[in-house]
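All values derive from a computational prediction rather than experimental measurement. Within every chain, numbering begins at 1; the chains are lettered A, B, ... in the order of the sequence lines, protein sequences first and strands thereafter.
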There are 2 protein chains.
Amino acid sequence: MISLTEENYLKALFNLANNAGEVNVNELSKQLAIKMPTVTSMMKKLAEKKLVYYESYKPLRLTEKGKKEAALVVRKHRLTEMYLVDKMGFGWEEVHDIAEQVEHVRSAQFFDKIDELLGFPKLDPHGAPIPDKNGKLAWVSYDKLSNCHAGDIVKVSAVIHTSSEFLKFLNNREISLGTKIKIKSIEPFDRSMVVSYGNRPADTLSHIVCERLLVTFG
Amino acid sequence: MISLTEENYLKALFNLANNAGEVNVNELSKQLAIKMPTVTSMMKKLAEKKLVYYESYKPLRLTEKGKKEAALVVRKHRLTEMYLVDKMGFGWEEVHDIAEQVEHVRSAQFFDKIDELLGFPKLDPHGAPIPDKNGKLAWVSYDKLSNCHAGDIVKVSAVIHTSSEFLKFLNNREISLGTKIKIKSIEPFDRSMVVSYGNRPADTLSHIVCERLLVTFG
DNA sequence: TTATTTTGTTAGAATAATCTAACATTGTAG
DNA sequence: CTACAATGTTAGATTATTCTAACAAAATAA
């Protein structure tokens, strides 16, 4: 049995993992707002349970079992977010904190029903892919808007670091998933982009914003 | 701040309270499946927090503050049950365990939205009243079917001790809230009732069952 | 009313999850 | 290459929740 606390550590490891699947104790500590010694001791515990590979002073890595369990928590989180937006009428900026709690409900029935009522969605309201019932994640590859060039016309397909503040900012600018953006020019000084979209002929997006918008060209 | 564990104690106290609002340590211990010494120490803690009146060897009683907090947990539980049945398509026998977990979600927004989507229901799927946002419970007075007499025609309005097994039994007998039952006779020997309802001209309900069915005459 | 059963409390220990303080290792900047 | 900074670990303490064993009070039955 995986405790609620352990679920949170697994999820954080899953979300922080780089290409190599590695995470530092320090990063994890910051992400969870839990002090490093606590993280170290929890890693030893998760290693006992064969959920994490742990060696002193080495980066952390989920085992296959750990990855699966983590993905199942992420699945519950993302399905919940989707349900809150699609079926209950919450805004995409309101759902993270609620899903953070509902994700710990232990009832396959409950999440299967949500999945079914939503028509088995592949993406959550922020464009992140929803792992399947076996913990498999169909990874979609997006580009950061910040890596695109002047003249490109792209579609906003996902957002990262989905803080409520950032999402409210996007709401104010009338940017949502699906918004088509044309890059008119890029300011070399601060890498801000002058763009046009919707009924806005010209608008400037800071580099920070452009780094958090994931886009597709199709 | 009231912990999840404390919420469970408060809810159990609320549900077990007799007319005088009193509950024994032993009863509470059985209800929660937690040993008596643990219950005693938790009662001392809740007394510190002014949620419970506690004196050695005396029955337990919620304070006004405790009653309110308990009612708010019960509110979340019953709203959740109603939502699961009305909006998600679960059967009334499936919802208790899920609601038992969802009730601990801390988000006024979430439960307000559920309330609104349901149209501010007054009763849960088992006929129990839903406390309002201030923890006030509009108590409805029902009679036990077991207290009725031969010849009475009554409507099933609520069920108590809503175990999944009991509710499945009612499903099999096609008894649900609203079912009109005519009492044809009462067997003095075991107090079972011969009744008719729906398309069943005659059916026998044991005393145990009749004790758990709450009815109205209207 | 005395003996027995039931109920309730105290004392002490265990587990899970967290912290701070001190120490150790690794990485980096002169 | 050394010294400082950043990262990570160990040791020991704390809080919340639970338990068992032993004792105490209250209720009940003979």
Side-chain angles (χ1 to χ4, degrees), chain A residues 1-18 20-62 66 69-70 73 100-101 103-104 106, chain B residues 1-14 16-18 20-62 66 69-70 73 100-101 103-106:
Chain A
M1 187 80 308
I2 297 175
S3 73
L4 183 150
T5 307
E6 290 165 347
E7 282 193 345
N8 282 334
Y9 279 89
L10 292 175
K11 181 165 58 106
L13 281 165
F14 188 91
N15 287 329
L16 289 174
N18 59 21
E22 293 180 343
V23 181
N24 298 324
V25 172
N26 195 29
E27 287 176 80
L28 185 52
S29 163
K30 280 173 186 153
Q31 171 80 15
L32 293 166
I34 283 172
K35 296 289 182 293
M36 283 203 289
T38 310
V39 171
T40 297
S41 69
M42 181 57 85
M43 288 307 106
K44 289 177 177 173
K45 187 176 169 194
L46 294 180
E48 283 292 315
K49 292 190 169 190
K50 306 291 184 201
L51 292 163
V52 164
Y53 295 117
Y54 173 77
E55 289 179 85
S56 286
Y57 298 104
K58 297 261 178 70
L60 306 166
R61 226 156 25 85
L62 288 168
E69 294 298 341
V73 178
E100 204 71 17
Q101 299 182 64
E103 75 191 6
H104 299 294
R106 284 168 208 285
Chain B
M1 186 80 307
I2 296 176
S3 73
L4 183 150
T5 306
E6 290 166 347
E7 282 194 345
N8 282 334
Y9 280 91
L10 292 175
K11 181 165 58 104
L13 281 165
F14 188 91
L16 290 174
N18 58 22
E22 294 180 343
V23 180
N24 298 324
V25 173
N26 194 30
E27 287 176 79
L28 185 53
S29 163
K30 280 172 186 153
Q31 170 81 12
L32 292 167
I34 284 173
K35 297 287 182 290
M36 283 203 291
T38 309
V39 171
T40 297
S41 69
M42 181 57 84
M43 288 308 106
K44 289 177 177 173
K45 186 177 169 195
L46 294 180
E48 282 293 314
K49 292 191 168 189
K50 306 291 184 201
L51 293 163
V52 164
Y53 295 116
Y54 172 76
E55 289 179 86
S56 286
Y57 299 104
K58 297 262 177 71
L60 308 166
R61 225 156 25 85
L62 288 168
E69 293 298 341
V73 178
E100 203 70 18
Q101 299 183 63
E103 76 191 3
H104 299 294
V105 167
R106 282 168 209 285

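- Phosphate contact (OP1/OP2 of C:dT9, side-chain N/O of B:Tyr54, threshold under 4.0 Å): present.
- Atom CD of B:Glu6 is separated from atom P of D:dT15 by 15 Å (rounded to the nearest Å).
- By the 6.0 Å contact criterion, NZ on B:Lys49 is enclosed, its count of non-hydrogen atoms from other residues, nucleotides or ligands being greater than 12.
- Atoms CG (B:Asn8) and C1' (D:dA16) sit 14 Å apart, rounded to a whole Å.
- The salt bridge (charged side-chain N to carboxylate O under 4.0 Å, His left out) contacts involving residues 27-41 of chain B comprise nothing, where partners must be two or more places apart or lie in separate chains.
- Between B:Tyr9 and D:dT18 there is a side-chain N or O to OP1 or OP2 distance below 4.0 Å.
- Residue A:Leu4 contributes atom CG, which lies 15 Å from atom C1' of D:dA16 at whole-angstrom precision.
- Using a 4.5 Å cut-off on side-chain heavy atoms (C-beta onward), A:Arg61 and A:Val23 make no contact.
- Atom NZ of B:Lys58 and atom C1' of C:dT9 are 15 Å apart (whole Å).
- Remark: B:Gln31 engages no residue in a side chain to side chain donor-acceptor pair (under 3.5 Å) (not counting sequence neighbours).
- The nearest whole Å value for the distance from the CD atom in B:Gln31 to the P atom in C:dT7 is 16 Å.
- Listed for the A:Asn24 side chain is no donor-acceptor partner under 3.5 Å among the backbone atoms of A:Asn26.
- Of the candidates D:dT7, C:dG8, D:dT9, C:dG8 carries the atom nearest the B:Asn24 side chain, counting heavy atoms from C-beta on.
- In this structure, the side chains of A:Glu22 and A:Leu60 stay at 4.5 Å or more apart for every pair of heavy atoms.
- At whole-Å resolution of the value, CD in B:Glu55 and P in D:dA26 are 12 Å apart.
- Within residues 35-44 of chain A, the residues having any heavy atom closer than 4.0 Å to DNA chain C are, in order of number, A:Lys35, A:Pro37, A:Thr38, A:Ser41, A:Met42.
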Practice item. Give the intermediate values and the outcome of side chain to side chain contact (heavy atoms under 4.5 Å, CB included) for residues B:Met42 and B:Val39. Key: CA-CA 5 Å; B:Met42 181 57 84; B:Val39 171; 5.7 Å; no
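- To the nearest angstrom, P of C:dT7 lies 14 Å from CG of B:Leu28.
- For B:Tyr57, no side-chain nitrogen or oxygen approaches OP1 or OP2 of D:dC23 to under 4.0 Å.
- In this structure, A:Glu27 atom CD and D:dT7 atom C1' are separated by 11 Å, rounded to whole Å.
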